[in-house]
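What follows is a set of notes on a single structure, which appears directly below.
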Amino acid sequence: MDFSKSLHNFIRDYAHLGDTEKPLIVSGILLALKDVVFFRTYDTYPDDRLPKFILDTIKQVVDAQDIPNSKKLGIKQQYGFFQTHTKLIEYENSIGMSPLRKIINDLGEHVFPFVSIYHDYDIVGKFYNEFLRYSGGDGKLGIVLTPKHITELFSDLAQVTKTDTVIDPCCGTGAFLISAMHKMILDCAGDDDAIRRVKQHGLVGIESQPKMFALAASNMILRGDGSCQLFEGSCFNESHARDISKLKEIRGGKEFSNRPNVGFINPPYSLKGEGLSELQFVKTMLDYMERGGIGIAIVPIGCVIESSDLKRQILEEHTLEAVISMPDDLFGKSATVVACIVVFTAGKKHPMRKKVWFSRCKNDGFVTLKHIGRVDHFNKWSKIKLELLDSYATKKEVPGVSVLKEIAHDSEWCAEAYIETDYDDVHELDFESTIKDYLAFLHPEVEPETNKIDSSGWGVFTYESLFKISRGMRVLNRDLEPGETPLIRCIKDNNGVTDYINLPPIFEGNLISVNYNGSVGEAFYQPIPFFATDDVLVLEPLSKSFPRFNMKIGLFLCSVIKLERFRFHYSRKWNIERMKKSTMRLPILPNGDINITFIETAIDNFRFGDKL
């Protein structure tokens, strides 16, 4: 899926499509590829006939779905640009074909097989989200798309089953419905009738924006679910409320109510106080639902902190069960929204004296990698989620993490207001850091006092006598995709690691990287195989100088190497020739060899050395 960046750039540079059309061209082509005839024959069509062939195929695929004709028409209208945007079929010499044909080929090769395998993945939403990142986003609409691990968490919190009916009244591209459908189908355990019931009656979505509605519908159709009960229009539309309250299904020859008993929502977020409050959307979702159902929302924490009449109205008709504070950067480093998850029981007035479970999940294990975004790179989320679900199920109180508290409409609905500070988690470092910072403020001219190292008896060595010195390899960002290999660039922190990429390592581990460019002279010990760019020099210890080499020796050498930083800068880089002739001083034995044992012992005795 990470080829979405290169696809976005290609569509921008060659097809010249607007931001709203970029995800539509992806969903439209994927719908067309779903048709066997199109899949097998599109490459035989000339460029001038290809747009009509695509549009006709999309219409056939949509018309075959068991949805009202009015909805079909609304979906098909969004793809009309295939025939009107002539830039799509202009032959490009640089790629040897038209942009449209290139996009079809790439989607057919890289994405369409993925759709048929990963039914729990919001494929269209992924493209939509990535395209927003690269083009500046839908900020004016207040659209904040929900990360996949959060849509899955909702289904786990609600414990959805094959007999449930799930509603998302602001469904966007359908991410919550897709996650719910995946969990519900797993619960079917291969029962075809149960799976059919899930797809025909188990999912209800409402979306007000026509283009987004088309994306949601295409997403569901791609999963073989053209019968999903999607409604186009505002969730505040009274006709939708009537229709959804009257939903029925036949089981065993008898008619049963199919009113949703599970609700998920990530409402549009108000911008600078403009528009509807997020809680209005939450209340509307709860009002749609069957009495006793579970409704879960993710909203800006600000809307549940302040007293409001909407909070009062919600508690008059529904029960607040839990509030979970989420990571500040859940929606990305640049996002300004700090979110929380709120859990309700629908249709039952909040009881007096009821205690609500408040919890903090401020660390979901995800990290932000440059050019990639927020990912669970170290696979921590699974364990964190299990602990969170267990605590939620038992309403466990944990100092500094979770607490049970009675609330009212004028209370703050957030864990931070009630959780006691965990004084059992206080460390000396908390005080030492404060003292150090204050002393630096009072006496900026004074260097911090530390014990000096006696280096008077150290020997002098040239770098070329100690190391085989190599330079990294140039790589283009467009060639990078997420993977397992650390990418070392010329930065001054994070051990030089900027990303984890799909390219194979070009250096073994247990080496030292030194910045030749950028933050020149920064040195890092690299414990595992890695890929270094051409702004980085890599030092491989020679066995004649180092009969053994390990992390402790590497860290000691890095500290010595960084003493040379003052010599180099952007105009005087530390290139290979300069480095070969550079010298360093190291502890030595009487015979002049490097005293490796002294180095290892010194590292052990330095502060924090015992933690290595």
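In this chain, residues are counted from 1 in sequence order. Everything quoted here is computed from the prediction, not taken from an experiment.
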Verdict with supporting geometry, Ile512 and Val538, side chain to side chain contact (heavy atoms under 4.5 Å, CB included): CA-CA 6 Å; Ile512 293 173; Val538 177; over 6 Å; no
Minimum heavy-atom distance between [X] and [Y], given as atom pair plus value:
{"X": "Leu107", "Y": "Leu33", "answer": "C-CD1, 4.3 Å"}
{"X": "Ala339", "Y": "Ile298", "answer": "CB-CG1, 3.8 Å"}
{"X": "Ile588", "Y": "Gly592", "answer": "CG2-O, 3.8 Å"}
{"X": "Ile488", "Y": "Asn495", "answer": "CD1-O, 4.2 Å"}
{"X": "Cys558", "Y": "Phe524", "answer": "SG-C, 3.4 Å"}
{"X": "Gly472", "Y": "Phe507", "answer": "CA-CE1, 4.1 Å"}

Trace of the side chain to side chain contact (heavy atoms under 4.5 Å, CB included) decision for Val536 with Val514: CA-CA 6 Å; Val536 175; Val514 182; over 6 Å; no
Spacing of [X] atom [atom1] and [Y] atom [atom2] [to the nearest 0.5 Å]:
{"X": "Lys552", "Y": "Ile599", "atom1": "NZ", "atom2": "CD1", "result": "12.5 Å"}
{"X": "Thr151", "Y": "Lys183", "atom1": "OG1", "atom2": "NZ", "result": "12.0 Å"}
{"X": "Glu152", "Y": "His182", "atom1": "CD", "atom2": "NE2", "result": "7.0 Å"}
{"X": "Ser545", "Y": "Leu466", "atom1": "OG", "atom2": "CG", "result": "5.0 Å"}
{"X": "Cys361", "Y": "Lys385", "atom1": "SG", "atom2": "NZ", "result": "11.5 Å"}
{"X": "Lys544", "Y": "Phe546", "atom1": "NZ", "atom2": "CZ", "result": "11.5 Å"}

Please determine if [X] and [Y] form a salt bridge, counting it only when a charged side-chain N lies under 4.0 Å from a carboxylate O.
{"X": "Arg374", "Y": "Asp364", "result": "yes"}
{"X": "Arg489", "Y": "Asp535", "result": "no"}
{"X": "Glu397", "Y": "Lys405", "result": "no"}
{"X": "Lys581", "Y": "Glu577", "result": "no"}

Could you check if a side-chain atom of [X] sits within less than 4.5 angstrom of a side-chain atom of [Y], using non-hydrogen atoms only?
{"X": "Leu589", "Y": "Phe598", "answer": "no"}
{"X": "Pro482", "Y": "Ile501", "answer": "no"}
{"X": "Asp106", "Y": "Phe112", "answer": "no"}
{"X": "Phe531", "Y": "Tyr500", "answer": "no"}
{"X": "Pro486", "Y": "Gln526", "answer": "no"}
{"X": "Trp357", "Y": "Ser391", "answer": "yes"}
{"X": "Lys580", "Y": "Ile469", "answer": "yes"}

Residues Arg548, Glu600; criterion salt bridge (charged side-chain N to carboxylate O under 4.0 Å, His left out); working and verdict: CA-CA 11 Å; Arg548 68 176 181 274; Glu600 292 172 324; 2.7 Å; yes
For [X], is the [atom1] atom crowded, meaning more than 12 foreign heavy atoms sit under 6.0 Å from it?
{"X": "Glu508", "atom1": "CD", "value": "no"}
{"X": "Lys562", "atom1": "NZ", "value": "yes"}
{"X": "Glu387", "atom1": "CD", "value": "yes"}

Checking the side chain of [X] only, and the main-chain atoms of [Y] only, is there a donor and an acceptor separated by less than 3.5 Å?
{"X": "Lys492", "Y": "Ser519", "result": "no"}
{"X": "Asn575", "Y": "Arg578", "result": "yes"}
{"X": "Ser179", "Y": "Phe176", "result": "no"}

Check: Trp574 ring centroid to Phe568 ring centroid under 6.0 Å: yes
Polar side chain donor-acceptor pair, Glu564 to Ser582, under 3.5 angstrom: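 No - no donor-acceptor pair under 3.5 Å links their side chains.
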Steps toward ring pair (Phe, Tyr, Trp, His ring centres under 6.0 Å) verdict (Phe366, His149): CA-CA 10 Å; Phe366 279 57; His149 71 296; 4.0 Å; yes
By salt bridge (charged side-chain N to carboxylate O under 4.0 Å, His left out) - contacts of Lys573 (at least two apart):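 Partners of Lys573 by the salt bridge (charged side-chain N to carboxylate O under 4.0 Å, His left out) criterion come out as none, since no residue qualifies.
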Selection residues 463-473 - residue pairs positive for side chain to side chain donor-acceptor pair (under 3.5 Å), sequence neighbours left out: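 Every side chain to side chain donor-acceptor pair (under 3.5 Å) pair that includes a residue of residues 463-473, provided the two are not neighbours, is Thr462-Ser465.
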Parallel, tilted or perpendicular: rings of Phe549 and Tyr525 (30°, 60°): tilted
